[in-house]
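Labels below follow one simple rule: chain letters A, B, ... track the order of the sequence lines, proteins then strands, and each chain is numbered from 1. Values in this document were obtained by computation on a predicted structure and should not be read as measured data.
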2 protein chains.
Amino acid sequence: MSKRQTLLDIANRAGVSPRTVSNVVNGYVPVSDKLRKRVEQAVEDLGYRPNFMARSLRNGRTGLMALVVPEIDVPYFAELSRTIIEEADALGYRVMIDQTAGQMVRERAHIANATQSTLFDGIIFSPLALSPSDLADIAGSTPFVVLGEHSHGGLFDHVALDNVQAAADVIAHLHSIGRTRIAAIGQGVGPSDGTKQLRYDGYVRGLEQVGLPFDPGLVPQSSRRHRELGFDATMQLLDRTDFDALFCFSDLIAIGAMRALASRGIRVPEDVAVVGWDDIAEAEFSNPPLTSVAPDKSVLAKTTLGYLIDRMSDPAIAPRDFVVPHTLQIRESSVGVAL
Amino acid sequence: MSKRQTLLDIANRAGVSPRTVSNVVNGYVPVSDKLRKRVEQAVEDLGYRPNFMARSLRNGRTGLMALVVPEIDVPYFAELSRTIIEEADALGYRVMIDQTAGQMVRERAHIANATQSTLFDGIIFSPLALSPSDLADIAGSTPFVVLGEHSHGGLFDHVALDNVQAAADVIAHLHSIGRTRIAAIGQGVGPSDGTKQLRYDGYVRGLEQVGLPFDPGLVPQSSRRHRELGFDATMQLLDRTDFDALFCFSDLIAIGAMRALASRGIRVPEDVAVVGWDDIAEAEFSNPPLTSVAPDKSVLAKTTLGYLIDRMSDPAIAPRDFVVPHTLQIRESSVGVAL
DNA sequence: CTGAAAGCGCTTACAG
DNA sequence: CTGAAAGCGCTTACAG
């Protein structure tokens, strides 16, 4: 490999000033046809590419956004990422995904790094373990928007669904199809994060609204996560109580729960109805297909990017809160095939 | 927000030269305790953070790697990404995921951009629509490694499993449990990409090796993708022939196939055994759990990063080829619960 | 151990 | 429409 060519090399070869090369490369000022041709030829001959670092340093912007997620192999985050990347592309921004691997220490480091580094023009944080005040402490000057279910006390731009309402919607649905012993699956053993707490609150409120009694025995806890949590919590339940429906805090949890039910020969939905949350692609193809709370991912992505771009142009905007619309996607796991 | 502080601001406030600030910030030369304290105080007071662009421009390296994948919401890519990010982290590199959204035009653009931009010290390309010669044409000077199933003619470092062998292993397994009408699901309608072709070749070879006849009627084609392809192709098959096993080219395809079978009341594995490929997390939790070809993702990630780091330090190394070990993860979808 | 100065590769007011 | 020159914010040989 020969040494990388610079803009000056092009200028020399074409016999023009660096300024003219820059103009041609960026298509700015009307350059005379003759010079443009000469420059383009030199660019071609030498295989010149502008140096991203130098350009960004000079311009003070990069055209890059970061999307910070805890775990990219959780399908909800993967699907969200895809949607955001595609929407951003349409707006002329390139989004890179930055995974923190779900540990709070790494989350802090990545956020500090991203907001302080000038590498990104804007940042999107997807559900975080960090509290709003933590976030305020470590955040640098890069504009950002927070996604997901935490309440951020009006400190930052925030986009999320109405978790309490959606959870209550699930209970209303299960009650409407005649279920009375509805378990809630998703509680960990440690302190509850914002999302779980909101969905739990919605569960309690939903029971109240339809007039069903609350039974703590229907709220198992597990130290596992995702599918394993669903499997584990459902096994606990099977060993100790009767129930005719499972409200799972995520589709992954629901998938784990359905595996546990199948392993005991329990039929879904005849014996137990199951509802998940996120409406990931898998929900449509599980056996049986899974009823799930479906956030409008496209609206979510568009609003988030809109907020971010607003804030990039004016950092002084007062923080906003957007409630993403949701629907309950009803499938066989709650209503059966006889729909 | 006040204006961002520079290294010079710190130098002025601490009453030292920029060189000393740089030394302190980077922990290079033994700076006297007195000066170090002064500098650290100034950094603290002014909330100084080094400018990533300026530093990278000067150093000629960024500490960043890119992982270019077609579709981040395909679980195999998401799981692969997570593994690579975690391995790279241990090596002191930060990996950002760059999704091309599966279109060849965008793939070209992203690769060109990544290899020519100096933003990344190294790049990992995951299975691509591009042919080796395409890749050679557009690639810039940034070192890269190609993952996945294409044959790249020894032009680049390449890490992949032995697709032909693994496919033959699947057939051997299905034959060993008494299956004789084994369909292959994964063929599209257009020109076959490298991966599909290799798995198809392995299917044909596998049949030969166990002495089963090849029947083109057992190789349906579909214009859909992923789960939908599996569903669609299986429906075609159900409408036109008998079969007692499905060899699916990916777990997503297998999940779609199992949905189709379930919708017709066909039992897995009693009536039809199903095998997938990739061993994604979902495979363990599907109903029934899915037998799947399992690449050793950890070895894959470690080898890939090793190759890349080698090449970063010496671009002249001859291209290498690594065969990732695989196993067949046997679950209920082929052998039933009576294991 | 520390300072003054050059330079990484761009872009863009400032002149013409 | 084009050129010569300064500067974005760092790091590091060169002196001391």
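If you check dA13(D) for Watson-Crick or wobble pairing at under 3.5 angstrom, you find it has no partner at all. Nucleotide dA4(D): unpaired (no Watson-Crick or G-U wobble partner with both distances less than 3.5 Å).
Between Thr6(A) and the phosphate of dG9(C), there is no side-chain N or O to OP1/OP2 separation shorter than 4.0 Å. OP1 or OP2 of dT11(D) sits under 4.0 Å from a side-chain N or O of Arg55(B). Ser22(B) has no side-chain polar atom (N or O) that falls below the 4.0 Å cut-off from OP1 or OP2 of dC10(D). Taking 4.0 angstrom as the limit, Asn51(A) places none of its side-chain polar atoms (N or O) nearer than this to OP1 or OP2 of dC8(C). Residue Asn59(A) has no polar side-chain atom (N or O) positioned under 4.0 Å from OP1 or OP2 of dC8(D).
For Gln5(B) and dC10(D), the CD to C1' distance is 15 Å, given to the nearest whole Å. Straight-line distance from the CZ atom of Arg4(B) to the C1' atom of dG9(D): 10 Å, rounded to whole Å. Put simply, CZ on Arg61(B) is 15 Å from C1' on dC8(C), counting in whole angstrom units. One can place CZ of Arg19(B) at 11 Å from P of dC1(C), the figure rounded to the nearest angstrom. Atom NZ of Lys34(B) and atom P of dC1(C) are 14 Å apart (whole Å). Atoms CG (Leu7(A)) and P (dG9(C)) sit 11 Å apart, rounded to a whole Å. The CE-C1' distance, from Met53(A) to dT11(C), rounds to 17 Å in whole Å. Atom CZ of Arg49(B) is separated from atom P of dC8(D) by 22 Å (rounded to the nearest Å).
Remark: Glu44(B) does not engage Lys37(B) in a salt bridge, criterion side-chain N to carboxylate O under 4.0 Å.
The listed nucleotides are dC10(C), dG7(C), dG3(C); the one nearest the side chain of Arg58(A) is dC10(C).
Along DNA chain D, the nucleotide nearest to Thr20(B) and the one nearest to Leu57(B) differ in position, and the one closer to the 5' end is contacted by Leu57(B). Sequence order on DNA chain C of the closest nucleotides to Gly15(B) and Ala54(B) puts Gly15(B) first from the 5' end. Nearest-nucleotide positions on DNA chain C place Ser17(B) closer to the 5' end than the other of Pro50(A) and Ser17(B).
Across all strands shown, Tyr48(B) has heavy atoms under 4.0 Å from sugar-phosphate atoms exclusively, and none from any base.
Asn26(B) and Arg55(B) form a side-chain donor-acceptor contact under 3.5 Å, judged by distance and modelled atom types alone. In this model, no donor atom of one side chain and acceptor atom of the other lie less than 3.5 Å apart for Arg4(B) and Asn51(B). No hydrogens or angles considered: nothing links the side chains of His110(A) and Gln99(A) as a donor-acceptor pair under 3.5 Å.
In this structure a side-chain-to-backbone donor-acceptor pair under 3.5 Å is present from Thr115(B) to Gly140(B).
With Phe144(A) as the aromatic partner, Arg311(A) does not meet the cation-pi criteria of under 6.0 angstrom to the ring centre and within 45 degrees of the ring axis.
Distance noted for atom P between dG9(D) and dA13(D): 23 Å (whole Å).
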